[in-house]
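I have placed the structure first, in the form of structure tokens, so that the comments after it can refer back to it.
Lettering of chains follows the sequences in order, A, B, ..., and the numbering in each one begins at 1. Heavy-atom basis, side chains included; hydrogens, waters and symmetry copies ignored. Fair warning: this is a prediction, and the values are worked out from it, not measured in the lab.
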Number of protein chains: 2
Amino acid sequence: MERALGTALQPHGLKPAQLDVLMNLYRHPGMSQHDLARKLLVGRSNITMLLPQLEKRELVSREVDGKDRRIMRLTLTAGGEALLLDALKSYGALIEKAMSASTPEQCDMIGAHMLRVADALKEP
Amino acid sequence: MERALGTALQPHGLKPAQLDVLMNLYRHPGMSQHDLARKLLVGRSNITMLLPQLEKRELVSREVDGKDRRIMRLTLTAGGEALLLDALKSYGALIEKAMSASTPEQCDMIGAHMLRVADALKEP
DNA sequence: TGCTTATTGTTCATGATTGAACGAATATGT
DNA sequence: ACATATTCGTTCAATCATGAACAATAAGCA
């Protein structure tokens, strides 16, 4: 499934991890790298090595926070937002294809189950 | 989830990918590396780099096929089988914990759905 | 204020996985 | 039988995520 997403994003020159970054910055502009790493469930260093690629393509901008000069505030550029919305169409088509095998109620049920399973695994 | 499995296997000194190898060799003794790679959905080179660790620990044995000298026949050693059965207990406990959130019928339903979804994604 | 501790982002070495290129062994076609 | 093509396993470089160690900065407290 991750694989299918990868090929679906190829036309946009994006990799799954990069799409995750763009999506989270779209919802929460001005995020710090630390918070972004926690949202994505990856290490901080991962973000550090992921951003330069997006920055060179002018998809995101990094600016130092005025109050806390340790923090880098991340924002989507206009181009980044445009590319994201474009890529989300491919993403949506993929989701729809995956969901085409089930009825909406079944999708909801499965989603609810996944949450319960994740909870069950968190508490050993 | 992959993460939970990783920590569950730590006491046995195994990593998730290694458990996959042992499980498949238990079911299909004498498998070739190529077939094993296809079963695990990984590249052949991955198997090549995964096996030496298991071979040094005397968990699997590699022998050249008599008829086709390109093929390496893979078998579980007695120690490998013992370790596998041991590790499967931890694995089973994990599965049970994950499934504790659902009824058996729901588990079956989810399994069936996953198959349909995978099929839907394979045909673009 | 001055000292200690925490937090943020970076760097580095490590391990996992991939894909391409390769040599050896076998299969296929003429 | 012989040349060609295919298959199997290996090697190598490249990519990616991880965790530990680090410098810079800020927060907490005497």
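- Between B:Arg70 atom CZ and C:dC22 atom C1' the separation is 15 Å, expressed in whole Å.
- Here the P atom of nucleotide D:dT11 and the CG atom of B:Leu51 are 12 Å apart, to the nearest Å.
- The side chain of A:Ile71 lies closest to C:dG9, out of D:dA17, D:dC8, C:dG9.
- In this structure, B:Arg62 places its CZ atom 8 Å from C1' of D:dG9, rounding to the nearest Å.
- The CG atom of A:Leu50 lies 10.5 Å from the OG atom of A:Ser45; values are rounded to the nearest 0.5 Å.
- Nucleotide C:dG9 holds its C1' atom 11 Å from the CG atom of A:Asp68, rounded to whole Å.
- Between B:Gln53 and C:dG15, a side-chain N or O to OP1/OP2 separation shorter than 4.0 Å is absent.
- Hydrophobic clustering of Ile, Leu, Val, Met, Phe, Trp and Tyr side chains at less than 4.5 Å, counting indirect connections, unites B:Val42 with B:Val60.
- Map B:Met49 and B:Arg44 each onto its nearest nucleotide of DNA chain D; the residue landing nearer the 5' end is B:Arg44.
- Once rounded to the nearest 0.5 Å, the distance linking CD of A:Gln18 with CG of A:Leu22 reads 7.5 Å.
- One can place CD of B:Glu2 at 8 Å from P of C:dT17, the figure rounded to the nearest angstrom.
- Between the NE2 atom of B:His34 and the P atom of D:dT7 there is a distance of 8 Å, given to the nearest Å.
- Each of D:dA17, C:dG19, C:dG9 was ranked by its minimum atom distance to the side chain of A:Asn46; first place goes to D:dA17.
- Atom CG of A:Leu51 sits about 7.0 Å away from atom CG of A:Leu36, to the nearest 0.5 Å.
- Looking at heavy-atom distances under 4.0 Å, B:Arg3 makes contact with sugar-phosphate atoms alone, never a base.
- With DNA chain D read from its 5' end, the first of the two nearest nucleotides for A:Leu50 and B:Gln33 is the one closest to B:Gln33.
- Only one option out of B:Asp65, B:Asp68, B:Asp35 pairs with B:Arg73 in a salt bridge (Lys or Arg N to Asp or Glu O under 4.0 Å); it is B:Asp65.
- Going from atom CE of B:Met72 over to atom P of C:dG23 covers 19 Å, rounded to whole Å.
- Distance, A:Arg69 CZ to D:dA27 C1': 15 Å, rounded to whole Å.
- Comparing A:Ser45 and B:Lys15 by the nucleotide of DNA chain C whose heavy atom lies nearest to each, the residue mapping closer to the 5' end is A:Ser45.
- Here the side chain of A:Ala17 is nearest to one of D:dC12, D:dA17, C:dT11, namely D:dA17.
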